[in-house]
Student: 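Quick one: the structure is below, and I'll ask about it shortly.
Heads up: numbering here begins at 1 and tracks the sequence.
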Amino acid sequence: MDLTVKSTENTAYMIERIKDKLRIVNAGAIKAAHFDDEMYEELHDLYTMVMKRENFSPSEMQAIAEELGKLRRT
């Protein structure tokens with residue numbers, strides 16, 4: 001899978017992997033449909049950072065969730 005290519009499938013994959021990695025409790029609130037291609041590169045950067053880390057502090061998890069919120073469609 002080439003995540004450098006903008007696609008709906010890649011967006012969905014990255015969102016699901018971020019939710020899994022962070023063990024987001026309310027995962028249903030974050031759906032790939034909430035994101036559009038305009039923010040794809042930022043989402044990819046966030047995904048890359050999250051996948052590189054093993055552990056997150058509560059404040060880091062909150063910051064990541066806030067960043068996901070900023071990337072959502074308005």
Side-chain angles (χ1 to χ4, degrees):
M1 175 176 284
D2 183 4
L3 295 177
T4 61
V5 177
K6 292 180 186 180
S7 72
T8 304
E9 293 81 18
N10 286 349
T11 298
Y13 176 81
M14 289 189 291
I15 294 296
E16 290 305 312
R17 294 288 293 137
I18 290 171
K19 291 190 308 189
D20 290 345
K21 183 89 173 196
L22 298 179
R23 295 183 207 114
I24 293 178
V25 176
N26 193 4
I30 302 172
K31 298 180 181 177
H34 297 154
F35 300 84
D36 60 29
D37 288 342
E38 289 180 27
M39 302 304 272
Y40 187 86
E41 289 182 30
E42 290 84 352
L43 178 61
H44 184 262
D45 291 344
L46 183 63
Y47 166 81
T48 301
M49 186 273 300
V50 168
M51 292 302 120
K52 286 181 181 178
R53 301 277 309 272
E54 287 299 317
N55 300 308
F56 299 92
S57 70
S59 61
E60 288 172 324
M61 289 179 69
Q62 176 151 354
I64 293 167
E66 287 174 6
E67 189 62 28
L68 281 172
K70 290 177 187 177
L71 297 177
R72 288 177 62 156
R73 255 184 240 169
T74 56

Student: Could you tell me whether a side-chain N or O of N10 sits under 3.5 Å from a main-chain N or O of T4, the two making a donor and an acceptor?
Tutor: no

Student: Once rounded to the nearest 0.5 Å, what's the spacing between atom CZ of R23 and atom CE of M61?
Tutor: 7.5 Å

Student: A side-chain contact here means heavy atoms from C-beta on lying under 4.5 Å apart; do I64 and M49 qualify?
Tutor: yes

Student: If you draw a 6.0 Å radius around NZ in K6, do more than 12 non-hydrogen atoms from other residues or ligands fall strictly inside?
Tutor: yes

Student: I need the minimum non-hydrogen distance between K21 and E54, along with the two atoms involved.
Tutor: NZ-OE2, 4.3 Å

Student: Would you call the rings of H44 and Y40 parallel, tilted or perpendicular, taking 30° and 60° as the class edges?
Tutor: parallel

Student: Measure the CD-CG distance between E60 and N55 for me, rounded to the nearest 0.5 Å.
Tutor: 9.0 Å

Student: Atom CD1 in I15, atom CG in D20: separation rounded to 0.5 Å?
Tutor: 11.5 Å

Student: Find the distance between CE (M39) and CD (E67) and round it off to the nearest 0.5 Å.
Tutor: 7.5 Å

Student: Give, for atom CD of E38 and atom CG of L43, the distance between the pair rounded to the nearest 0.5 Å.
Tutor: 13.5 Å

Student: Does one hydrophobic cluster hold both M1 and V50, with members joined at side-chain heavy-atom distances below 4.5 Å?
Tutor: yes

Student: Using side-chain contact (heavy atoms from CB on, under 4.5 Å) as the criterion, point out the one residue from E9, R17, E16 that pairs with Y13.
Tutor: R17

Student: What pair of heavy atoms forms the shortest contact from F35 to L68, and how long is it?
Tutor: CE2-O, 3.4 Å

Student: Identify the heavy atoms of A32 and A12 that sit nearest to each other, and give their distance.
Tutor: CB-CA, 3.4 Å

Student: Got a second to check how far M14's CE is from T11's OG1, nearest 0.5 Å?
Tutor: 5.0 Å

Student: Any ion pair linking E42 and K70 (charged N to carboxylate O, less than 4.0 Å)?
Tutor: no

